[in-house]
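Notes follow once the structure below has been shown.
Ligands are counted one by one from 1 in listed order, and the atoms in each one are counted from 1 as well.
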Amino acid sequence: MSSLSSPTAAKRTAEAKQVLGDNDRGTYTVPTARLYPFQWNWDSVFVALGWAELDLDRAWKEITTLFDAQWPSGMVPHIVFWTDQSTYFPGPDVWGTTNQPLSSGISQPPVAATVVRNLQEVEPRLTINLFKGIDRWHQWWHTARDPKNIGLISVVHPWESGRDNLPDWDRPMSTVDSSSIGAYQRRDLDMVDQTMRPHRHEYDRYLALVEFGAEANWDDQVIGATNPFLVADPGVTSILLRAERDLAWLGRSIGLDTAHIERRIERLENGFVQLWNPEAGTYCSLDLRSGRHADAGTSASFLAAYAGVTTHLDQLDHELGLWASACNFLVPSFDPRHRHFEPKRYWRGPVWAMINYMIAIGFAEVGREKWAGRIRQSTRDLITQSGMSESFDPITGGPVGGSNFAWTAALWLSWVNKD
Ligand code: GLC
């Protein structure tokens, strides 16, 4: 175990700065140069935490650039195609969106308000414009992604959850018809080994959902009512609930009325209980088309404390203990005791630094310092051992996916290695 000032840690710090610099495109940062050559929503927001350690102006710029791509509906897209790049598929032609700048047609977990609060606490620079942009985005989640008005936020594509090939999506995705998808060339496999990426049959269905949205002209009402995939996600719901609390704080800090935000907080607090799966003994995603819960927890189950929901804290504490006995590094993205656990396949097992960051914050806030400390230490050991990797194998600690990842670097600078 290295101390905060060890030579290895210093080497990793230099590397983290280098990775941020290499992925910097001036007004936004790409997740990693070839695999993901555009601006990704939640990557960018976490990366702002890293920039805040080096250059506060640049940190705010990262966020405002993202909001420059906000749609009239309030949606903030998951990818913004600021430039033309051939190394990524599917590009803007497949998404068939018309909003400028060109973007994908779905969103990603809304971490912006929480990170903006962090920046604001360092030095208050929040503009009314940015506040309103985030507020409209949050309202969009409640309206467009809770079509049944149940106080839970759903995703209409696995990519919208930010956790692409989670086993949770297997069953709901199995009903998605991909027979119209013709030949296409995946570009991810040119850069990352197949054993670490989603399968072909999953990719076909990802594309079928993109095609469905494009045919619906990305109309939220049509998608909410008829999209073949509609799953309430503990990840997005927890992240939004947390973000709403931080947005209310931001609003108060600049003297605005936040009653409407408090009402949205209450909706989610009331809805949250529906994610509890008594059979699995944890929070699980809920497929709104079939009415069934997933049968196991994911790393997002432990985000309840981060969301400020403390009802089942003892059970979650116990559950995490069982996970910790089944692997060497915390927190795997999926239950390491489950038959669908795969330690190297993307979101079916690997550890992700930014998820650890959020889980640790939540546990620390509810007084479970033991877990907060262990999770941070695990993240530290993983990055020390394997560098700025996309994610990490929870059994061996080895690097998984792409390398030179901006958000891993940003979290090293802003959290893992910070005194
Ligand atoms: C993958 C991840 C997603 C991330 C993106 C860019 O799609 O699942 O969470 O935003 O890559 O890094």
Side-chain angles (χ1 to χ4, degrees), residues 19-20 22-25 28-50 62 66 69 76-82 85 87-91 94-95 103-112 115 155 157-169 173 186-193 196-199 202-203 205-207 209-210 233-236 238-239 298-300 303 331-334 342 344-358 388-392 399-411:
V19 166
L20 280 194
D22 288 351
N23 291 321
D24 184 12
R25 297 295 174 267
Y28 66 94
T29 311
V30 299
T32 188
R34 288 183 66 236
L35 186 62
Y36 298 120
F38 308 105
Q39 184 174 27
W40 258 259
N41 187 321
W42 72 330
D43 295 65
S44 232
V45 175
F46 282 116
V47 165
L49 289 172
E62 190 76 31
L66 178 66
V76 181
H78 104 288
I79 308 173
V80 190
F81 300 109
W82 291 111
Q85 301 281 338
T87 58
Y88 183 79
F89 176 85
V94 183
W95 285 96
S103 68
S104 67
I106 56 171
S107 199
Q108 250 189 344
V111 280
V115 168
V155 291
H157 194 298
W159 290 341
E160 196 162 63
S161 71
R163 298 182 297 144
D164 307 12
N165 66 337
L166 202 65
D168 291 42
W169 320 135
M173 282 297 264
R186 279 174 68 171
R187 305 308 309 269
D188 57 322
L189 300 182
D190 302 345
M191 292 158 261
V192 180
D193 194 83
M196 298 177 176
R197 298 289 301 179
H199 293 285
E202 288 163 316
Y203 241 83
R205 292 187 165 93
Y206 297 153
L207 294 176
L209 288 177
V210 171
D233 176 24
V236 173
S238 298
I239 288 169
T298 70
S299 51
L303 288 175
V331 177
S333 41
F334 187 63
E342 292 180 76
K344 287 189 178 23
R345 202 180 286 280
Y346 219 28
W347 288 96
R348 301 176 83 89
V351 178
W352 293 70
M354 76 295 180
I355 301 277
N356 276 7
Y357 167 68
M358 293 186 288
M388 305 305 148
S389 181
E390 184 173 17
S391 59
F392 306 87
V400 175
S403 51
N404 300 325
F405 257 78
W407 58 9
T408 309
L411 285 163

Under 3.5 Å donor-acceptor, Ser104 side chain and Ile79 backbone: yes
For a quick check under 3.5 Å, do Glu160 and Ser107 share a side-chain donor-acceptor pair by atom type? no
pair Asp164-Trp169: side-chain heavy atoms closer than 4.5 Å: no
Taking the inter-plane angle between the rings of Tyr357 and Phe46 on a 0 to 90° scale, is it parallel (under 30°), tilted (30 to 60°) or perpendicular (over 60°)? perpendicular
Sequence neighbours excluded, which residues qualify as ring pair (Phe, Tyr, Trp, His ring centres under 6.0 Å) partners of Phe89? Tyr184
Can you pull the residues with any heavy atom under 4.0 Å from ligand 1? Pro31, Tyr36, Trp40, Trp42, Asp43, Gln108, Gly162, Asp164, Tyr346, Trp347, Phe405, Trp407
Electrostatic pair Asp190-Arg34, nearest N-O below 4.0 angstrom: no
